Amino acid sequence: MNSSPTLVQLASDTQSVLIDLSSGVPSIVHWGRPVGDTTGDLSPTFERPLPHGALDVATALSIVPEHASGYQGRPGLSGSRPDGTDWAPRFRLDSFEHSSTTLTTVSADETAGLELTIVLELRETGVLRVRATLTNNAPTPYRLDALRVVIPVPGRAKEALTFGGRWTKEFQVIRQPLFTGSIAVENRSGRTSHNRPPIAMLGTAGFDETHGEVWAAHLEWSGNSNMVLDANPDRRRSIQAEELLFSNEIVLERGASYATPWVACAYSSSGLNGISESFHQELRSRPSHPATSRPVTLNIWEAVYFDHDLSTLKMLANRAAELGVERFVVDDGWFHGRRNDLAGLGDWWVDARIWPEGLWPLADHVRALGMEFGLWFEPEMVNPNSELFRTHPEWVLTDHRYQPVLGRNQLVLDLTNEDVRAYLFEKIDAVLSEYPISYVKWDNNREYVHASHEGAASMHTQTLGTYDLIDRLRAAHPLVEVESCASGGGRIDFAMLSRTERVWTSDCNDPLERQRIQHGFSYLFPPEYMGSHIGPPQSHTTRRTHSLAFRAATAFFGHLGIEWNVLDASDEDREALAAVIALHKRFRPLLHGGRTIRLDHPNDAVLAHGVVAHDRSEALVAFVQMDTAESPIVEPLQIPGLDPDRHYRLEVLPIVALPKGPAKQQPSWIREGAELTGRHLEVLGVQPPVLDPESALVIHLRALDAAKSVVER
Ligand code: DGJ
């Protein structure tokens, strides 16, 4: 390790990160556009004046800012010894090691007996990953209240983007100005949450999909979290990311360490599409990224709920196979005592009253039809009405001196307890070993309240316990894929996506809601992870009714599925469904491998998004009319990301039916197709038709010189 402090640069073609090592903890002094060579004297840029009325030192906004060094905002580290000392440590840089893309620093506070290690990695994907680790070297325990990673952002970043929402309405984009003060996205639900996911962005005024500088951060963690956007006038702007710890959750004995979750950061000088590209590339680069085509799925939940009847399910499987479905998933209701949501969780063996011959008759049938067989579990939960609870009431994650709060009639199991994890492993492993199961839907249907082990707050170790259980089951069954579900999209984050191949994006299959949910989802996560199902004509969660065309065009872009009792579907609908599934399969490499784009359109009643092949030979773009347009004038849709000099053939993709729309005459290219250059498409755009509200048009673009469409290769 090197020991002389200096300015270090991590660099790629698209960005530079300059880190100042002259104070005790490294500080990011520039993160943004590339700066080239930095070997000269940069003090004219970085030497800060000392105003009257302020401290006599220019305090550093380091990655873990220190109160004792003069930083007046939220410190990066909060904690203390039992006697109250060491509450504001002050570190000295001990050593560092770096390459052109990584930096590791070790800082020590010998007075407090604490050591702080910071790691930064600028990855080829464009993502900057940062984490901090605190080690207690003193004999007395150190109680850690917070260790936050702080990423400074320039003052020109004046607008915030975070996400809100709720169950069946995840990933709702919240845009707000950030002038003075802080915006906190604080999540205590014990899961990544439906309403406060740990994602925060700041950008220059008016940033949109294709314009403006944007800085984004995501905490790779599935438990409690806090993301703060700080913009107080007496200090620099920053995005702060931390695991939210309850009182006394982390007590470091001598020699013990706490590492923050990784914070994945992305920078773009060309709007939000650039942010998504980095985040998507990051997930795609991980070993957990699914290597095979995403199988079209039929999930039986909204088709039959708890009403498991073998002959009906066999007929459903027949129908699914006829439609082109590749994976058939048996949802909640197959295990011991589970006839409704009042009982059974924890008793993970097949209910012999419902399945007297086990799952074999259905599993065999499904597999004989050429489909994979998938099964639902909710491992972390227990119903008070279950054999497991009756045998082991002490296995509940709660403070046993109080009456626990129920959620969906269930309690959370204490996964900090190795015995509980061993029990769950044994039961789930037995089912996965007995049956030819290719896929597990891993659900989690309640928020965590009073998460205690032996009376002490334990959300941190509970989250690690969940990871451990998933990882062990995956290691034992490496060919079984896992979907993360938490009443839909309550647990979607990079930590979960590093151990699962799919997420259940939302319990809402209403395409109108789904368009917004999927739009928000797409900022961080690539479409191949996004479970998106075509539901029945009337949505089960909103009671709205939509055409099959709109439902299909919405689900088409994700990991496609059906969640509809297609035994009730008309012949016409089944024919149309089969055609959509065939089309989806044809375009799957592009849909699940291309670059996601969201398109800016002046009309607020429009959402537009798409996917462009990496070689820009082909693209699919959806123009979605969400609501009645305020004006009869539909402005052209500008399509970015194509090759400006190539000519593209445009055709409307026949997803079920061409929309008629409320117009006497529609642009003729809608029926006849058209040819335009990439430059014209980006600068001038293409004239969309007038569409009915709640309908969509999917446009296929293909470069005329492309030897073959990616989908035909
Ligand atoms: C919630 C999930 O999001 C649904 O898809 C379904 O699996 C139910 N749980 C089953 O209880």
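Order of listing sets the numbers, starting from 1, for every ligand and every atom in it. As the structure is a prediction and not an experimental result, all values here were calculated from the model. Basis for what follows: all heavy atoms, side chains included, without hydrogens, waters or symmetry-related copies.
- With a heavy-atom cut-off of 4.0 Å, D443 touches ligand 1 through its side chain alone.
- In this model, no donor atom of one side chain and acceptor atom of the other lie less than 3.5 Å apart for R543 and T541.
- Remark: ligand 1 atoms within the under-4.0 Å shell around heavy atoms of D332 are 10 (C), 11 (O).
- Interface of W504 with ligand 1, defined as ligand atoms under 4.0 Å from a residue heavy atom, comprises 3 (O), 5 (O).
- With a 4.0 Å cut-off on non-hydrogen atoms, S487 touches ligand 1 through its backbone and not its side chain.
- Remark: ligand 1 atoms within the under-4.0 Å shell around heavy atoms of C485 are 2 (C), 3 (O).
- Here R408 has side-chain heavy atoms under 4.0 Å from ligand 1, and that is the only part of it that gets that close.
- Checking E302, K441, E378 against atom 5 (O) of ligand 1, the nearest heavy atom belongs to K441.
- Between E380 and R491, at least one side-chain N (NZ, or NE/NH1/NH2) sits under 4.0 Å from a carboxylate O, which counts as a salt bridge.
- Here the side chain of Q625 pairs no donor or acceptor atom with the backbone of E694 at under 3.5 angstrom.
- Put simply, NE2 on H308 and CG on D351 are 10.5 Å apart, with the number rounded to the nearest 0.5 Å.
- For ligand 1, the polar-atom distance check against R338 finds no nitrogen or oxygen pair separated by under 3.5 Å.
- Separation of atoms CG (N417) and CD (Q462) is listed at 10.0 Å; rounding is to 0.5 Å.
- Judged by distance alone, the side chain of H194 and the main-chain N or O of A486 form a donor-acceptor pair under 3.5 Å.
- At the shortest separation from atom 3 (O) of ligand 1 among protein heavy atoms lies D507 OD1, 2.3 Å.
- By the criterion of a heavy-atom distance under 4.0 Å, the side chain of N445, and not its backbone, is placed next to ligand 1.
- In this comparison of T505, I300, D331, T168, the heavy atom closest to atom 10 (C) of ligand 1 sits on D331.
- Although no hydrogens or angles enter the test, the distance criterion places a donor-acceptor pair under 3.5 Å between the side chain of S452 and the main chain of H450.
- Looking at W301 next to ligand 1, no N or O pair under 3.5 Å apart turns up.
- For the pair G488 and ligand 1, the shortest N or O to N or O distance falls below 3.5 Å.
- One finds a salt bridge joining E326 and R588 here, because a Lys/Arg side-chain nitrogen approaches an Asp/Glu carboxylate oxygen to under 4.0 Å.
- For E447 and R196, the salt-bridge test fails: no basic side-chain N is under 4.0 Å from an acidic carboxylate O.
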